[in-house]
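First comes the structure, then the notes that go with it.
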Amino acid sequence: MTARLHTTVDGPADAPVLLLGSSLGTTGAMWEPQAAVLAKRFRVIRYDHLGHGRSAVPFGPYTMDLLGCELLRTLDDLDVPWVHYAGLSLGGMVGMWLAAHAPDRVRRLALLCTSASLGPPEQWRDRAATVRAVGLEAVADAVVARWFTPGFAADRPDVVATHRDMLTAMPPAGYAASCEAIAGMDLRPDLARIDAPTLVVAGADDRATSVEHAREIVGRIPGARLAVVGAAAHLANVEQPEQVSRLLLDHFDERPGDR
Ligand SMILES: O=C(O)CC1=CCC(=O)O1
């Protein structure tokens, strides 16, 4: 089967690949605040999750295994043997899956505003049912309210509107099927197998995946480090672009002894 994920590529062809995975209800455009600065040092590949943006939208429900296998297939198609990987929220969940199930493909890992188990499952199944029945408008205000702090939302209504538009443009079937992947996810038993050096980043004001979720991941991945970004909600890379870019550049710098 050919890969079904839409990708965009920036940066030098001979630079190490940095693969960026985005949040539920967004596309690779979510990484716009980091793309140019990261592309000076890396070949930056952004992908849209299955069911999102310009990727294929097969029938759901999806699972983390499906999302992860689809990404592996995409790397095979692009002839990319290994990557550095940074993922936010759903992107981080897929990153944990990838680093645990295909350790030879992930050299260094950054997990932002994410969780290894984000219950209760019923809440995700309810959201999926609502979106299938009446579309994304029905959930958009509540979702976007968790993406940004109230102060940022008041200062930058333009940024909020751009991201809200991204969310409501999602194919409802793909968004709903992805909610079901989160409902069925428990990556906690996989985390001890991750051997890629890992940075976990939390937004201090993130109500979707709180600092406690980050601490749980740090506690289970050997050697993982935690960074908490102040004045940031769920889309911390959008709200605090410079801080997050700096954390990623520092973390993905090649170190002596890297595989
Ligand atoms: O959409 C939300 O409520 C927050 C979220 C959970 C996983 C993800 O990618 O976003």
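Note that the structure is predicted; figures quoted are calculated from it, not measured. Both counts, for ligands and for their atoms, begin at 1 and track the order of listing.
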Original post:
Any chance the side chains of D206 and T209 put a donor and an acceptor closer than 3.5 Å?
Top reply: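 Looking only at side-chain atoms, T209 and D206 do form a donor-acceptor pair, the distance falling under 3.5 Å.
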What atoms in ligand 1 come closer than 4.0 Å to a heavy atom of [X]?
{"X": "I182", "result": "7 (C)"}
{"X": "R146", "result": "3 (O)"}
{"X": "L90", "result": "8 (C), 9 (O)"}
{"X": "L24", "result": "1 (O), 8 (C), 9 (O), 10 (O)"}
{"X": "S23", "result": "8 (C), 9 (O), 10 (O)"}

Could you check whether the rings of [X] and [Y] sit parallel, tilted or perpendicular, using 30° and 60° as the cut-offs?
{"X": "Y47", "Y": "Y85", "result": "tilted"}
{"X": "H84", "Y": "W82", "result": "perpendicular"}
{"X": "H52", "Y": "Y175", "result": "tilted"}

Looking at [X] and [Y], does any basic side-chain N land under 4.0 Å from a carboxylate oxygen?
{"X": "R73", "Y": "D76", "result": "no"}
{"X": "R127", "Y": "E122", "result": "no"}
{"X": "R220", "Y": "E216", "result": "yes"}

**OP:** Record the part of A208 in heavy-atom contact with ligand 1 below 4.0 Å; permitted values are side chain, backbone, both and neither.
**Re:** side chain
Subject >> Proximity of M30 to ligand 1 by residue part, where a heavy atom lies under 4.0 Å >> reply: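 M30 to ligand 1: no contact under 4.0 Å from either part.
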Original post:
Does L118 reach ligand 1, in the sense of a heavy atom lying below 4.0 Å from it?
Top reply: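 Yes, L118 has heavy atoms under 4.0 Å from ligand 1.
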**OP:** Report yes if R127 has an N/O atom closer than 3.5 Å to an N/O atom of ligand 1; otherwise report no.
**Re:**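 It does: an N or O of R127 is found under 3.5 Å from an N or O of ligand 1.
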Subject >> Any N or O of S89 closer than 3.5 Å to N or O of ligand 1 >> reply: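 Looking only at distances, the answer is yes, because the N/O contact criterion of under 3.5 Å is met.
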